[in-house]
Amino acid sequence: MKQLLQDARSGELAVAEVPAPQVLPGCALVRTAVSLVSAGTERASAEFARKSLIEKAKARPDLVRDVVAKIQRDGASATFDAVRSRLSQPQTLGYSSAGTVVAVGDGVFDIRVGDRVACAGAGHAVHGEFACVPRLLVARIPESANVSFEEAAFATVGAICLHGIRTADIALGEIVAVIGLGLLGQIAVQLLRVAGCRVLGMDPVESRAKLAIQNGADAASIAERDFRDLCFQKTGGVGVDAVLITAETVMSGPVNLAAEVARDRATIVAVGTVGMELERKLYYEKELTFRISRSYGPGRYDAAYEQKGRDYPIGHVRWTETRNMQAFLQFITDRKLGLDSLITHRFPIDEARHAYDLILGRRGEPFLGVLLTYAGHRSSRELKVATNIRDIELSHRKAVEQGNVGLAVLGAGAFAQNTLLPALKEIPGISFIGVCNATGARSRSAVEKFGFSYCSPGEDELLRDPGINAVLIATRHHLHAGQVLGALSAHKAVFCEKPLCLTESELASIVRAMAAEERRPANVPLLMAGFNRRFAPMAQELKEFVAQIHEPLSMNYRVNAGYIPVDHWVNDPEIGGGRILGEVCHYVDFLSFLAGTAPVEVRGEVIGNPGHYSMDNIVATLKFANGTLGTISYMANGDKSSSKERLEVFGGGSAAVLEDFRRLELVRNGRKTISRARWKQDKGHRAEMRAFAEAVCGKIPPPIPFEEIVGSTLATLRLQNACQTGEPLRVCPGEFISWALRESDDAVDVRAAKKSASC
């Protein structure tokens with residue numbers, strides 16, 4: 001499909017051919033008919049992208065602080081690589097569109113194929129021929145209505161205006177001022193008239209002021225002095241009841257002009273992005289209320305609402321963002337709004353760059369509503385044509401020579417593109433065949449950076465490709481187990497970035513899948529989890545050192561993980577599984593590697609939570625069969641600029657300290673040996689990828705024995721449970737594997753598994 005993308009480094013725009021997005025659970029796949037270009041939000045994004053690095057730094061000092069902290073923690077080289085990779089990712093544009101539903105994901109029951117809908121959301125309602133949109137960001141166009149796709153494409157912007165009006169608590173018959181008569185202001189004027197209000201407008205562009213009057217404003221002005229006089233004249237010298245600021249400017253003039261024209265104890269709402277240096281005297285003397293309207297309405301930025309489809313009960317939240325969109329569409333249906341007068345330009349998607357030249361002022365033309373149209377759109381009666389979504393071939397499919405690796409990648413996010421794929425690119429004998437990501441733009445980016453033959457809208461095509469013999473999985477955590485099982489059933493070698501799975505039942509299914517593969521004649525199945533630290537050069541040196549100690553070890557691992565918001569996807573128990581499963585698994589595996597065996601018991605305590613954290617400040621204790629003890633202090637409440645990891649190992653009259661994989665100190669018999677990383681820390685990703693490639697080619701056995709992967713994963717799953725209950729839990733990987741092989745997939749019961757696996 002065709003999609004508009006922006007280069008984050010230069011700001012250049014391109015209409016690229018990318019795979020259509022996958023149809024995700026809880027979402028609708030929509031074939032776009034029309035999308036609206038936001039003159040405010042998208043112009044600001046385009047202008048920021050065109051800034052130099054120095055100008056970007058001045059505009060976003062918060063990002064500069066993050067970069068400085070990363071340099072202090074990880075070094076300049078690693079930070080430079082991360083920033084460069086971030087800037088190389090294409091940016092998707094657009095957040096308001098309309099089209100026809102061509103497919104629905106699991107869990108969507110009230111939207112059907114063929115429905116005409118309006119769509120919302122940055123990253124969802126993009127400027128592209130197809131869009132995968134969460135259910136609660138989709139509003140059905142009334143079936144009996146003669147509403148065009150062009151009108152419906154305004155629904156998101158209309159919801160923004162509706163929410164701004166509701167935020168101001170405007171009542172029937174009140175006099176409302178609207179400062180800024182661009183697209184938002186013009187729609188707000190019409191909605192206020194529908195609500196029975198008298199409206200006074202202000203905009204320095206005369207044509208916009210005149211259009212506002214045509215659309216229902218009682219009066220409008222182009223000069224601030226005249227606007228003040230107008231507001232007091234129309235209100236008998238009292239001032240307006242409320243002010244909506246729908247302007248787009250870094251200056252604070254609009255917020256202070258609003259205070260001047262408002263009556264005593266009036267409400268002022270900033271709907272557009274404006275400067276907010278409020279003059280205290282103006283606001284204090286009238287005791288004004290200043291509010292900021294947050295986008296489309298309640299539900300915005302709430303992942304549970306937008307991504308998981310958990311609606312708010314109408315009795316508690318009458319006007320959510322979805323219901324605001326539906327209300328706006330109903331106004332159009334009832335012909336209470338006139339949007340045709342707001343449409344000034346239409347461009348086919350192939351000419352999208354001209355639309356941005358327009359809103360950036362390069363064409364010198366006045367504009368309001370700028371639409372992108374998609375000629376390939378079909379009516380609901382022609383959906384068979386519309387749903388012919390295909391792979392995007394970018395080169396001839398590579399023939400994989402005997403003994404080489406034909407690679408497929410599921411998930412082309414930042415970690416895959418910044419870390420795993422560059423490491424694989426350095427290894428001879430690897431053919432990058434196919435890539436699949438939830439969004440086509442990321443797939444296309446991976447193809448161009450690493451030379452894949454094609455990108456696919458779904459993983460099934462990759463698993464069926466006979467030229468692919470290895471699959472790398474780097475998707476979000478909740479997808480890992482299903483994709484591992486799919487790849488194993490397709491008889492592919494599998495590398496799964498940690499965690500391997502999120503539940504013991506999933507782990508049991510993987511155990512059975514590996515056993516099934518082992519029963520195939522002349523087959524050595526390969527499954528490797530992304531426990532990279534054991535492959536680091538300093539880890540190997542430390543392993544050799546402790547192997548000479550013939551008594552139990554004491555190991556203390558301190559991790560300054562840093563804070564991430566509670567609502568981050570990693571902390572979501574259904575998607576990320578939490579930081580214990582997502583990150584602490586690394587340290588469980590590394591201590592198991594050094595101990596030479598899996599833990600037999602785990603216990604964990606969570607530090608008192610003031611509501612700021614998400615079970616990510618823990619102290620864990622691991623007991624091993626050989627008497628070794630390990631502790632993991634995993635903390636999110638420290639300063640990120642401090643070093644992240646420090647491991648201390650004691651035993652047999654020896655001591656070792658591994659500091660952030662940059663410095664290793666080994667002490668024995670009074671002699672101290674110190675190793676330092678030359679350029680930057682090496683956490684083992686390159687060695688890990690090389691070992692996987694060699695194992696695929698049959699040159700070496702599986703780099704991590706499957707029993708060790710099960711042991712580390714099971715110990716981490718039990719550790720999370722122990723942190724929740726405060727009770728120690730036994731871990732016996734051998735017993736767990738035996739239990740899993742006795743059970744069928746349909747009979748998996750985690751409680752029974754725990755009972756059976758008790759040592």
Side-chain angles (χ1 to χ4, degrees), residues 19-27 29 85-86 89 92 105-108 121-124 132-135 137 301-310 408-421 435-443 445-446 455-460 462-463 471-487 494-503 505-507 509-510 527-532 561 564-586 614-616 685 713 716-717 720:
Q22 299 177 32
V23 187
L24 301 177
C27 297
L29 183 64
S85 180
R86 177 78 174 268
Q89 292 299 322
T92 60
D106 293 341
V108 177
H124 300 297
C132 181
V133 188
R135 168 62 191 93
L137 292 176
Y301 308 115
D302 180 353
Y305 180 94
E306 293 190 332
Q307 305 300 326
K308 297 183 179 180
R310 294 174 183 166
V409 173
L410 306 182
F415 182 72
Q417 295 204 37
N418 297 355
T419 304
L420 301 181
L421 295 181
V435 61
C436 172
N437 195 68
T439 59
R442 282 289 178 94
S443 294
S445 171
C455 43
S456 175
E459 61 192 61
D460 290 345
L462 299 178
L463 297 183
V471 177
L472 184 149
I473 297 171
T475 51
R476 289 193 172 184
H477 301 165
H478 67 301
L479 301 174
H480 287 186
Q483 291 173 336
V484 166
L485 293 172
V494 184
F495 177 93
C496 181
E497 183 49 43
K498 54 79 193 165
L500 183 64
C501 57
L502 298 184
T503 67
S505 61
E506 290 178 342
L507 181 59
S509 296
I510 292 171
L527 171 60
M528 186 168 167
F531 297 136
N532 54 278
I564 62 174
V566 173
D567 59 357
H568 191 281
W569 72 266
V570 168
N571 284 327
D572 187 319
E574 297 175 5
I575 298 176
R579 298 184 83 178
I580 294 177
L581 298 185
E583 296 179 18
V584 177
C585 61
H586 270 312
S614 182
M615 207 167 77
D616 47 7
H685 293 104
T713 303
T716 308
L717 290 165
Q720 175 154 285

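- For the atom pair OG1 of T419 and CG of N532, the computed distance is 9.0 Å after rounding to the nearest 0.5 Å.
- Residues H124 and Q307 have side chains in contact (heavy-atom distance under 4.5 Å, counting atoms from C-beta outward).
- The CG atom of D616 lies 5.5 Å from the CG atom of N571; values are rounded to the nearest 0.5 Å.
- Side-chain atoms of D567 never come within 3.5 Å of backbone atoms of D302 as a donor-acceptor pair (strictly under, hydrogens ignored).
- Side-chain contact between S614 and R579: absent, with no pair of heavy atoms (C-beta onward) separated by less than 4.5 Å.
- Atom CD1 of I473 and atom CG of L420 lie 12.0 Å apart (nearest 0.5 Å).
- Between atom CD of residue Q22 and atom CG of residue L29 there is a gap of 10.5 Å, rounded to the nearest 0.5 Å.
- The two atoms that bring A412 and Q417 nearest to each other are O-NE2, 2.9 Å, heavy atoms only.
- Considering all non-hydrogen atoms of both residues, G458 and S456 come closest at O-OG, 2.8 Å.
- Atom CG of L717 sits about 8.0 Å away from atom CG of L502, to the nearest 0.5 Å.
- Considering CG of L137 and OH of Y305, their distance stands at 7.5 Å, rounded to 0.5 Å.
- Residues K308 and E574 form a side-chain contact, since some pair of their non-hydrogen atoms from C-beta on lies under 4.5 Å apart.
- Using a 4.5 Å cut-off on side-chain heavy atoms (C-beta onward), Q483 and T475 make contact.
- Across all non-hydrogen atoms, the minimal contact from P457 to A20 is CB-O, 3.3 Å.
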Open item on the list: Set out, in order, the CA-CA distance, both residues' side-chain angles and the distance that settles side chain to side chain contact (heavy atoms under 4.5 Å, CB included) for I580 and T716, then state yes or no.
Closed with: CA-CA 7 Å; I580 294 177; T716 308; 4.1 Å; yes
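- Side-chain atoms of L410 and V471, non-hydrogen and from C-beta on, do get closer than 4.5 Å to each other.
- Side chain of H480 to main chain of P499: a donor-acceptor pair is present (N/O by atom type, distance under 3.5 Å, no hydrogens or angles).
- No side-chain heavy atom of P21 sits under 4.5 Å from any side-chain heavy atom of T439.
- The shortest non-hydrogen separation linking L463 to A487 is CD2-CA, 4.0 Å.
- In this structure the side chain of F415 reaches within 4.5 angstrom of the side chain of H685, judged on heavy atoms.
- Of all non-hydrogen atoms in L507 and L500, the two that sit nearest each other are CD1-CD2, 4.1 Å.
- L485 places a side-chain heavy atom less than 4.5 Å from the side chain of I510.
- Residue P134 comes nearest to E306 through the heavy atom pair CB-O, 2.8 Å, listed as atom of the first residue, atom of the second, then distance.
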